[in-house]
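The block underneath contains the structure these notes are about, expressed in structure tokens.
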Amino acid sequence: MNFENILNQIRTVLRGEVSGSIRFVAVILMTLIIWTGVYVVSGWKNLASMNLTNQQNRWRTLLNLGNEYKNLDRSGRSNINNANVDVAAVFAQVTERLGLDNRVNRVTPDGRNQSIEINKLYGEELADLEHQLSSRGIIFNAAELRALPSGRERLLTVNAIIGPVN
């Protein structure tokens with residue numbers, strides 16, 4: 001057997017000159033198409049599996065952070081009489097003291113709590129605000145932060161619900 005004979009036999013099969021060669025070529029093509037499909041789908045499955053694992057790890061981390069936050073020692077804040085704290089007045093005093101009063105867009109009463117919105121905050125200003133409020137017996141019950149690009153830094157927009165320490 002030489003190489004030319006093998007090539008000639010392959011050519012006759014591909015041209016359909018041998019009986020059953022069309023079926024043989026069709027079976028080979030279908031096999032290749034099915035094999036390619038299985039390979040692609042298994043790749044999708046592996047990618048989905050990796051994404052699911054990443055999401056599960058992120059969820060566990062989030063739950064752990066939430067549990068750690070719940071278990072924080074708030075004994076330093078317990079000496080403040082929470083029933084007498086006027087959330088709106090304290091918030092106004094703190095924002096004026098920190099120079100944030102012109103960036104406060106909204107202060108809305110929500111029962112004992114206040115719903116607030118502050119724009120264009122630097123991270124340090126937000127930390128100072130939280131520290132000043134917590135030292136006066138007011139905490140962030142819930143907050144939504146949005147980071148907006150401003151040159152090389154990011155400014156924060158804060159939507160939050162603040163209220164007295166329970």
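Hydrogens, waters and symmetry mates play no part in the numbers below; they use all other heavy atoms, side chains included.
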Self-check item: Non-hydrogen side-chain atoms of I116 and V104 separated by less than 4.5 Å
Solution: no

Practice problem: Sequence neighbours left out, what passes side chain to side chain contact (heavy atoms under 4.5 Å, CB included) with N159? Give chain and number order. | Solution: R106, E117, E144, R146

Practice problem: For atom CD of E4, decide whether the heavy atoms of other residues, nucleotides or ligands shown that lie under 6.0 angstrom number more than 12. | Solution: no

Practice problem: Taking side chain to side chain donor-acceptor pair (under 3.5 Å) as the test, write out the residues that go with R152, two or more places apart. | Solution: none

Quiz item: With W59, which residues qualify under side chain to side chain contact (heavy atoms under 4.5 Å, CB included), at least two apart?
Solution: L62, L63

Exercise. Report yes if the side chains of L129 and V94 come closer than 4.5 Å at any heavy-atom pair, otherwise no.
Key: yes

Self-check item: Heavy-atom closest contact (V87 atom, P164 atom, distance)
Solution: CG2-CD, 3.5 Å

Quiz prompt | Heavy-atom pair of closest approach, residues F140 and Y69 | solution = O-OH, 4.2 Å

Self-check item: ILVMFWY clustering at 4.5 Å (side-chain atoms), partners of L65
Solution: none

Quiz item: Can you list the other members of the hydrophobic cluster that holds I161, where links are side-chain heavy atoms under 4.5 angstrom apart?
Solution: none

Practice problem: With sequence neighbours left out, write down each residue that passes side chain to side chain donor-acceptor pair (under 3.5 Å) with N46, or none if nothing qualifies. | Solution: none

Quiz item: L7: what forms a side chain to side chain contact (heavy atoms under 4.5 Å, CB included) with it, not counting sequence neighbours?
Solution: F3, R11

Practice problem: Mind checking side chain to side chain contact (heavy atoms under 4.5 Å, CB included) for V27 and listing every partner two or more places apart, or none if nothing turns up? | Solution: T31

Quiz item: NE2 of H131 to CG of L133: how many Å apart, nearest 0.5 Å?
Solution: 10.5 Å

Quiz item: How far does OG1 of T108 sit from CD of Q114, to the nearest 0.5 angstrom?
Solution: 7.5 Å

Practice problem: Rounded to the nearest 0.5 Å, what's the gap from CG on L126 to CG on D128? Could you check? | Solution: 9.0 Å

Practice problem: Can you measure from CD (Q93) to CZ (R136) and round to the nearest 0.5 angstrom? | Solution: 7.0 Å

Quiz prompt | Co-membership, hydrophobic cluster, residues L98 and L121, 4.5 Å side-chain | solution = yes

Self-check item: W35: partners by ring pair (Phe, Tyr, Trp, His ring centres under 6.0 Å), with sequence neighbours left out
Solution: Y39

Quiz prompt | Spacing of CG belonging to D101 relative to CD belonging to E96, to within rounding of 0.5 Å | solution = 5.5 Å

Quiz prompt | Any residue meeting side chain to side chain donor-acceptor pair (under 3.5 Å) with R97, in chain and number order, not counting sequence neighbours | solution = Q132

Quiz item: Apart from Y122 itself, what residues make up its hydrophobic cluster, given side-chain heavy atom links below 4.5 Å?
Solution: L155

Quiz prompt | Nonpolar side-chain network containing I33, other nodes, edges under 4.5 Å | solution = none

Quiz item: If you take all heavy atoms of N141 and I162, which pair is closest and at what distance?
Solution: ND2-C, 4.0 Å

Exercise. Rounded to the nearest 0.5 Å, what's the gap from OG on S49 to CG on N54? Could you check?
Key: 9.5 Å

